[in-house]
Amino acid sequence: MNNKLLSLLWIIVSAAIPAMAQHVYTVDTRPGTAVQPTAYGIFFEDINFGADGGLYAELVANRSFECPNALSSWQTIGNVRIGTDRPAFSRNPHYAILESSGHAERKTMIENHGYFGMGLRKGMTYGLSLYGRVNDGGTSRLVVQLVGNNGKVQSHDTLTIDGTPWKCYKTSLRSETNDAGGYLRILLVSPDGCDIDHISLMPDDNWNGLRSDLVADLADLHPGVFRFPGGCIVEGADLATRYQWKNTVGAVEDRPQNENRWAYSYSNKYFPSYYQSYGLGFYEYFLLAEHIGAEPLPVLNCGMACQYQNRNPKNVFDANVPVEDLQPYINDALDLIEFANGSVTSAWGRLRAEMGHPKPFNLKYIAIGNEQWGALYPERLEPIIKAVRKKYPDIKIIGSSGPSADGSNFKYGWNEMRRLKADLVDEHYYKDPNWFLNNARRYDKYDRKGPKVFAGEYACKVRSRRNTFESALAEAAFMTGLDRNSDIVHMATYAPLFANANGYQWSPDLIWFDNMTSVRTPNWYVQQIFSTTHGTHKLTLTEDGHDIAGEDSLYASATWDKDTRQIVVKVVNASLSPRTITLRFKGSRSIKPKSALAFHGNDNDENSLRNKSNIVPKDINAPTMDGNSTQVVLPGRTFGVYTFTK
Ligand code: AHR
């Protein structure tokens, strides 16, 4: 083809594109059905070192010497051994015994490098505490040092341990530099030795024991609901190691450490010390929910251990409690509601008050079971539901539809949840971008009379498993379908929430961090946009009378907020070429444009710990009105958010 012909063809094609890409959307400004405040939220699980080594700000790993190898995460020199005789804490009975070598040059000391090094920040002070005793009633001296990666001591102090009864000793250590690879050293400097336990080092800027930067990452999402503590860790690799919330409340020193079900799932790394200290336990979860303004949604074990890990039929009796032995599981549910909501004179309400929160947490929801499938689940769920309904008829109960988004187990699960009259059904889907685009209509035909939907775990997985713009855009397109179906989908939470960049095994994840900082993924920005724009009511947005869910690669929703009097129109252009859309408002003559955002990028764009703002939504000029209409142009691969007032 010669050049002249090529140019002519290009002119014809270019002229044709705008004509093809013109759309007229009608937004009916009369408020439709109410949107739940819980519409978009967060799901936290201790996976990828999300709790210990993550959100929980403790810097010392294996601080209570309770790992199966009691000295894992510790380096020792000299006379260091483990004891259990007359322990400081009955449920964490191991402690370290430090004795002098009897030789001036041969030191006795222990060092802890935390989780992939301790993140030290310039000018930050770190509260050190430990429990100590001297067995024969004398005194013993310890030097505690905060050390940089280069071996330079940042600060130090001497603790004098005296007397036989266990006592808590405290000091503060300051870092003079930023250092991702710091560590703690404890050196015996007296002839007399001592026993030490529960060695803790916390940055002073922690929020109730949690990393304040990661708490801010959650608060800035403005989540409406907060599901915790998992996920598969609720189920455990076996019933003995399931998550038991009662072990996670009360004094942190006496919360018995548990293994982490995810310790088994690292294919190319071995983490012998992936354990749950429970320093971040149910009380802290409730506090956090209150702080970030989200409804707490605890998940409890239903009498079944992880079904993936117990597929061998021989395990069936170990992995699933017999129905007649379910009472402790039923009690866990009833007692949890009392812990959260009971008066301070009730047994569990008193514990909550003693921990510092006399006011109830106003728990409204509980989930029983995580990813359960098959008949074993409803058999166990039914008696738990009956007991909860009897004592607490107002609590909303969430049941599971299993690990798949469709298929026979999913259908069976849903039918059983209908039979048991669960209030909401938890659905999980980790799928590719096409699935998300093709499922923007997933909920259009759901039965409006049965249980509501909780999309409790979902994430778009691209081939690289990275948090790319492509994955975020596909989620945004899908989520316009959640907006449109907010009458049936009452909650949705992306999963997983956190990943420690040095210790993850599951990706993608919403927030990545190392021991110095964190990064918000493109997916985080999509979640934030939806949680801050779902409004109080749904609006109808149509083109030629039908919803927009993939027609010409466009996806759209509109919402109304009665408190701010704002209308938000969200449009995703999933194609590679621009689209021009006329928005025509019906039912009001006083629509004013307020602001607009465009989230636009290339499919492989990502944010990283070193380049956090590589791809973020940008403010753009608000569109101008022409009477009751306005025109917006969305470049290819763009998520546009347009706010108007009425
Ligand atoms: O979010 C990660 C895991 O995915 C959850 O623990 C589990 O429920 C699902 O399989």
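No hydrogens, no waters, no symmetry mates; every other heavy atom, side chains included, goes into these values. Ligands are counted one by one from 1 in listed order, and the atoms in each one are counted from 1 as well.
- Side-chain contact between Y115 and N515 is absent, with no heavy-atom pair separated by less than 4.5 Å.
- Proximity of Y308 to ligand 1 is not established, as no heavy-atom distance is less than 4.0 Å.
- Screening H490, E427, R227 for a side-chain contact (heavy atoms from CB on, under 4.5 Å) involving F454 leaves a single residue, R227.
- For ligand 1, the atoms closer than 4.0 angstrom to any heavy atom of W506 are 2 (C), 3 (C), 4 (O).
- By the criterion of a heavy-atom distance under 4.0 Å, the side chain of W262, and not its backbone, is placed next to ligand 1.
- In this structure, the protein non-hydrogen atom closest to atom 2 (C) of ligand 1 is Y430 OH, 3.5 Å.
- Those atoms of ligand 1 with a heavy atom of G231 less than 4.0 angstrom away are 5 (C), 6 (O), 8 (O).
- In this structure, W506 has its ring center no closer than 6.0 Å to that of Y266.
- Looking at L510 and L221, their side chains come closer than 4.5 Å, going by heavy atoms from C-beta outward.
- In terms of protein heavy-atom proximity, atom 7 (C) of ligand 1 is nearest to E457 OE1, 3.3 Å.
- For the pair R352 and F339, the cation does not sit on the ring face, since its NZ or CZ is not both under 6.0 Å from the ring centre and inside 45° of the axis.
- Close approach to N370 involves these atoms of ligand 1, each under 4.0 Å from a residue heavy atom: 7 (C), 8 (O).
- Ranking protein heavy atoms by distance to atom 10 (O) of ligand 1, first place goes to E371 OE1, 2.8 Å.
- Under a 4.0 angstrom heavy-atom cut-off, P496 registers as being in contact with ligand 1.
- Tested against Y278, the residues Y283, Y56, Y243 include a single ring pair (Phe, Tyr, Trp, His ring centres under 6.0 Å) partner, Y243.
- Taking the six-membered ring where the residue is Trp, Y285 and F228 present parallel rings, their angle staying beneath 30° rather than reaching 60°.
- For atom 6 (O) of ligand 1, the closest non-hydrogen atom on the protein side is E45 OE1, 2.5 Å.
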